[in-house]
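The block underneath contains the structure these notes are about, expressed in structure tokens.
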Amino acid sequence: MARPNEQVGALLQEYADLVAITGGAPYRARVYEKAARSVAGHHLDVSTLDAAGLREIPNVGDSIAAKVVEYFRTGRIEEVERLRARIPAGVRELTQIPTLGPRKAMMLYDERGIASVQDLLDALDAGRLRGLKGFGPRTEENLRHGITLLRQAGGRVTLDVAMELAEEVVAALSALPQCERCTYAGSLRRMRETVGDLDILAASTKPRSLMKALTGLSLVSEVIAHGDTKTSVRTTAGMQVDLRVVPPESWGAALQYFTGSKAHNVRTREIAVRQDLKLSEYGLFTVPPAQRRHRRKATLTGEPASGEGPPAESTEPTEPAEESGPPEAGELVVSKSEQEVYARIGLPWIPPTLREDRGEIEAARDGTLPDVVTEQDIRGDLHTHTDLTDGVAPMTEMVAAAAERGYDYYAVTDHAPNLYMQRMTDEKMLAQREQLHALAKRYPHLTLLHGTELNIDPDGEVDWPADFLAGFDICVASVHSHFNQTRAQLTRRLVRACENPHVNVIGHPTARLIGHRQPIDVDLEAVYEACADTGTALEVNASPDRLDLNDEHLLAARRHGVKFAVDTDAHAVAHLDYLRYGVGTAQRGWLTAGDVINTWPLRRLRTFLRKGRKGREKP
DNA sequence: GCCGTTTTCGGCCCGACTGTTTTCAGTCG
């Protein structure tokens, strides 16, 4: 993704925060927030767009387009500078503290001159918050606690960590007789690459027993909030878990609501409002005429515009809404399943991984939602290791596990000699090939492919000469070192690897490790072009520490006609299960099965792997 | 400030929980 988009997105987000802190009109802050996301996620490089082009981006109008143009012309946005001069950066930082939002942050600054997290800590220690309106002893305690949490590294965890915890909590709650349904929702269900806190949803007529069960789990270290329908706890590992319990009839609406994203929900609720419906976690409801937003229209059609007149009779028999829950007016329309809820507001069901307000609402409305790739579509794994190099399981076990998964094909791709610590030799590689061919006889329904993961050296060269490479069924090539080359060098390096007629897949293309190593600085657009031109696939590495390429890259890359391989890079049998994170990421990138080479039948895959080379055609 | 298979003006998602306050603002998701 082009960097300028992220720069401008961050700047617009900062402006939104500053507007909120200074108490500007709430809708203004919101609109800049929406624009920030639209710009950051836009598929074109915004630095190349003029004002008219910028206005094509959703939520960008005259005013914001002018600010973006100003930014690329002068390197700054005057209006942002004006607010920056008024509000120290530290005040914005204060809003990162849980339970401290923009209003209170501004009050701390105005009334006590607090302009950083450290200032706040000092003020707390000195008792200088006493007497400040809205800051009682509990609030002081919460702020101290919040600062401690903030200082504990970021707070987001990778998908596998979140999933493991979620499955444990869901299993514990599901075992209760009072629990009718239970699942995880939120960013985990959407398969975001990291998860901040866990959203667990349950259906029950006896919510209290479920809440009690959650707070009683041994992994709970602290109860943050405890109400009638919602309980929040923190685990011993520091993760926040929110449990919401809804009546069983509300399951679909609640699941839709708690899956998010927030931006997606805002859109679906707006669509409901335009149809004089109200969507909440309890269901989709009619709005009595007296409460309708579109009062003007109501007046025009002769309905009562306001006042206490009786609600218009619906043509259908009135069914008393039995649900508990706050909506006291309006009839329940639907709530049992997500499908019903979407259908009633005129949309097909949208896969959770697409629910980010990145165009899925429009696509759903136009009937152009992608038929995203699923785990069942995957016919094989094309990047895996054994204990011949740095894997921990022997090839026999890895292959047996692959057969168990029902794969049609499976590639063993151990490291090549240039990754010196792996001590690979030509002889060892050829011996492995023999063993693999022998092993293949045991698995008549599984085609075993012999491959390798090559190392792309600083010049873009790989480990072996062409004649040796020609002996492999598949070659993955990856960057494993020299991450700090210049952008030009790194780009050239990857493009050269693509141009190698024996390189089929670029493994973990940005080489990032989530939370540990930044992605390499490479012109991905150039790499996408090279891949499309040369018939080289880009990997969607499913390892939860990598997820590389990520969803945003995929959204950009697919526009170039690139093909992808969703691979686990498994170094152990258990890692083969990481596939779901790779598939989730692929879905978030709107990839279909057709985009992913390892969903293809073997024949088609083999043709792709020949990469147009001569002399490899087999009878 | 943006936006319109109802609108070029008049709206802008909705509810739970907490803490502090006596009826609600702020925060969060």
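Lettering of chains follows the sequences in order, A, B, ..., and the numbering in each one begins at 1.
When rounded to the nearest whole Å, the span between CD of Glu140(A) and P of dT20(B) equals 9 Å. The NZ atom of Lys278(A) sits 17 Å away from the C1' atom of dC12(B) (whole-angstrom rounding). Look at CG on Leu277(A): it is 15 Å from C1' on dC14(B), rounded to the nearest Å. If you measure from atom CG of Asp228(A) to atom P of dC17(B), you get 6 Å, rounded to the nearest angstrom. In this structure, Ile224(A) atom CD1 and dA16(B) atom C1' are separated by 15 Å, rounded to whole Å. Spacing between atom OH of Tyr15(A) and atom P of dG1(B) amounts to 7 Å, rounded to whole angstrom units. Residue His264(A) contributes atom NE2, which lies 15 Å from atom P of dC13(B) at whole-angstrom precision. Between the CD atom of Glu222(A) and the C1' atom of dT18(B) there is a distance of 14 Å, rounded to whole Å.
In this model, the phosphate group of dG19(B) is approached by a side-chain N or O of Asn142(A) to a distance below 4.0 Å at OP1 or OP2. When the side-chain nitrogen and oxygen atoms of Arg274(A) are compared with OP1 and OP2 of dT6(B), none of them lie within a distance under 4.0 Å. Within the structure, a side-chain polar atom (N or O) of Tyr282(A) is placed less than 4.0 Å from OP1 or OP2 of dA16(B). The side chain of Ser232(A) contributes no N or O atom lying less than 4.0 Å from OP1 or OP2 of dT18(B).
Checking dG19(B), dC17(B), dC14(B) against the side-chain heavy atoms of Thr139(A) singles out dG19(B) as nearest. Checking dG1(B), dC14(B), dG19(B) against the side-chain heavy atoms of Ser280(A) singles out dC14(B) as nearest. Among the nucleotides dC12(B), dA16(B), dT6(B), the one closest to any side-chain atom of Asp276(A) is dT6(B). Of the listed nucleotides (dG1(B), dA16(B), dC13(B)), dG1(B) has the atom at the smallest distance from the side chain of Tyr27(A).
Where Arg28(A) and His226(A) each meet DNA chain B at their nearest nucleotide, the meeting point lying more 5' is that of Arg28(A). Summary of the strand contacts: Pro58(A) and Gly227(A) both lie near DNA chain B, and taking for each the nucleotide with the nearest heavy atom, the more 5' one is attributed to Pro58(A).
Within the nucleic acid shown, Pro26(A) has no heavy atom closer than 4.0 Å to any nucleic acid atom. No contact: Arg365(A) has no heavy atom under 4.0 Å from any strand.
Put simply, the side chain of Met239(A) reaches to within 4.5 Å of the side chain of Val157(A), judged on heavy atoms. Counting heavy atoms from C-beta on, the side chains of Pro348(A) and Leu369(A) come closer than 4.5 Å. Side-chain contact between Thr229(A) and Val246(A) is absent, with no heavy atoms from C-beta onward closer than 4.5 Å.
Ion pairing between Glu249(A) and Arg181(A) fails under the 4.0 Å rule for side-chain N and carboxylate O. Under a 4.0 Å N-O distance rule, the pair Lys104(A)/Glu111(A) does not qualify as a salt bridge.
A distance of 13.5 Å separates CD in Gln587(A) from CZ in Arg190(A), rounded to the nearest 0.5 Å. The distance from the CZ atom of Arg84(A) to the CD1 atom of Ile87(A) is 13.0 Å, given to the nearest 0.5 Å. Residue Glu193(A) holds its CD atom at 5.5 Å from CG of Asn550(A), rounded to the nearest 0.5 Å.
Using the Watson-Crick or G-U wobble rule with both distances under 3.5 Å, dC12(B) pairs with dG1(B).
dT7(B) shows a glycosidic angle within 90° of 0 and is accordingly assigned syn.
Of the possible polar contacts, one joining the Ser261(A) side chain to the His264(A) backbone as a donor-acceptor pair under 3.5 Å is found.
With both ends at atom P, the span from dC28(B) to dT23(B) equals 25 Å, rounded to whole Å. dT7(B) and dC2(B) have their C1' atoms separated by 13 Å, given to the nearest Å. Here, dG1(B) and dT8(B) have their C1' atoms 14 Å apart, quoted to the whole Å. Rounded to the nearest Å, the gap between the C1' atom of dT20(B) and that of dC24(B) is 9 Å. Across the C1' atoms, dG29(B) and dC13(B) are found 12 Å apart, a figure rounded to whole Å. The C1' atoms of dT21(B) and dG26(B) are separated by 13 Å, rounded to the nearest whole Å.
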Reading nucleotides 22-29 of chain B from the 5' end, what letters show protein touch, with B for base, S for backbone sugar-phosphate only, - for no heavy atom under 4.0 Å?
----SSSB
